[in-house]
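These notes are about the structure you will find just below.
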Amino acid sequence: MSTHRTPLNPPKIGAAVLSRLADRNEALAGDILEGFRIKQSRLWFWRELVGAILTGAFRRSIEVRPIKLVEFPSLPPAHEDFAAKRIRLQTLGLSASPVGGVSGWTMAVLIMLISALEPALWLMLAMGMGVGIAIGIGRVIYRSRHMTRPGADLTTVVLFSHHALK
Amino acid sequence: MAPRALTDLEFMILLATMRMGDEAYGVQIARELEETGGRRVLLGAVYATLDRLESMGLVRSSVGDPTPERGGKAKRYFRVTPAGIRSAKDTQNAFVSLWRNVPEMKGGRT
């Protein structure tokens, strides 16, 4: 009796998923296919495919996201201006949370704790927000009166940064 | 600022990459880790670690030619840089220093 076995093909659904993800990490997709040919195990294939997705190895290699707000006159800033730090970059927080690294469930728990233990803190928070808004308005008025040069069209732009993540 | 110490997986992957020489790519590095290092690691974790090592300047990668047995997909070859070799030696020295004068680690198997 012959012991020769026909080589297994990768699971159809798994192969379809892999082919869709291949453009994000071609080398890894090829390695999974090569490894499957050696191991001849569909369980191995699924384990590697799911593991690669969960470890983020198939994440997009290029992310486009706004990171800075910059004010500049009507002409775009030259590279030398950035290099010489003549243009001041201001970081723009895009998180809904006022506290770095705290969001979601942590915020919900904090809100419940404050409400239950010290409701008066909400009044202080509201007053703080009011003072913050007043300071912001004051700064906008001050800047519009003192920092606009004649003929300069102040424009706020969002610079996009391309992060190449290999 | 002093460079951070390598994790055990980073250290093992660096060594496996050096052992593989010109044939160091994902599936072969994972195979070397399993057969020689006795540690089974997901390919995704191997790539995530290699990407991190590359961003630290400890390895560099180059893309090879596509081959039919890989569904026409190219290999990504990795090589350890001189900084990677230094980092691996530093990690080895740290392990050896910790190893010394530990009575439990002397002699054969327990």
- Message: Do B:Phe11 and B:Leu98 land in one hydrophobic cluster if side-chain heavy atoms of ILVMFWY residues count as linked below 4.5 Å?
- Response: no

- Message: With clusters defined by side-chain heavy atoms of hydrophobic residues (ILVMFWY) lying less than 4.5 Å apart, directly or transitively, does B:Ile29 cluster with B:Met56?
- Response: yes

- A:Ala27 backbone acceptor or donor facing B:Arg70 side chain under 3.5 Å: yes

- Should the pair A:Lys39-B:Glu34 be classified as a salt bridge under the 4.0 Å nitrogen-to-oxygen rule? yes

- Message: Looking only at heavy atoms and a cut-off of under 4.5 Å, which of A:Leu33, A:Ile32, A:Asn25 has the most pairs with chain B?
- Response: A:Leu33

- Using non-hydrogen atoms and a 4.5 Å limit, figure out which bit of A:Leu18 sits close to chain B: side chain, backbone, both or neither. neither

- Task: Look at B:Ala48, B:Gly71, B:Ser55, B:Gly44 and state which one has the largest set of heavy-atom pairs under 4.5 Å with chain A.
- Result: B:Gly44

- Message: Tell me the closest heavy-atom pair linking A:Ile38 and B:Arg31, and the distance in Å.
- Response: CD1-NH1, 4.0 Å

- Do B:Tyr47 and A:Thr55 come within less than 4.5 Å of each other through their side chains, counting heavy atoms only? no

- Can you get from A:Phe58 to A:Ile13 by hopping between Ile, Leu, Val, Met, Phe, Trp and Tyr side chains that sit under 4.5 Å apart? yes

- Task: Starting at CZ of A:Phe36, measure out to CD of B:Glu69 and round the result to the nearest 0.5 Å.
- Result: 14.5 Å

- Query: Given a strict heavy-atom distance threshold of 4.5 Å, which part of B:Arg52 is in contact with chain A: side chain, backbone, both, or neither?
  - Reply: neither

- Message: Under a 4.0 Å threshold between the charged nitrogen and the carboxylate oxygen, would A:Glu26 count as salt-bridged to B:Lys73?
- Response: no

- If you draw a 6.0 Å radius around CZ in A:Arg37, do more than 12 non-hydrogen atoms from other residues or ligands fall strictly inside? no

- Answer yes if B:Val41 and B:Leu43 sit in the same cluster of Ile, Leu, Val, Met, Phe, Trp and Tyr residues linked by side chain heavy atoms under 4.5 Å apart, and no otherwise. yes

- Message: I'd like to know which of A:Ala52, A:Gly56, A:Ala57, A:Gly30 tops the heavy-atom pair count under 4.5 Å against chain B.
- Response: A:Gly30

- Message: Using the rule that Ile, Leu, Val, Met, Phe, Trp and Tyr join whenever any side-chain heavy atoms are under 4.5 Å apart, tell me whether B:Leu42 and A:Leu54 fall into a single cluster.
- Response: no

- Item | Atom CZ of A:Arg20: over 12 foreign heavy atoms under 6.0 Å | no

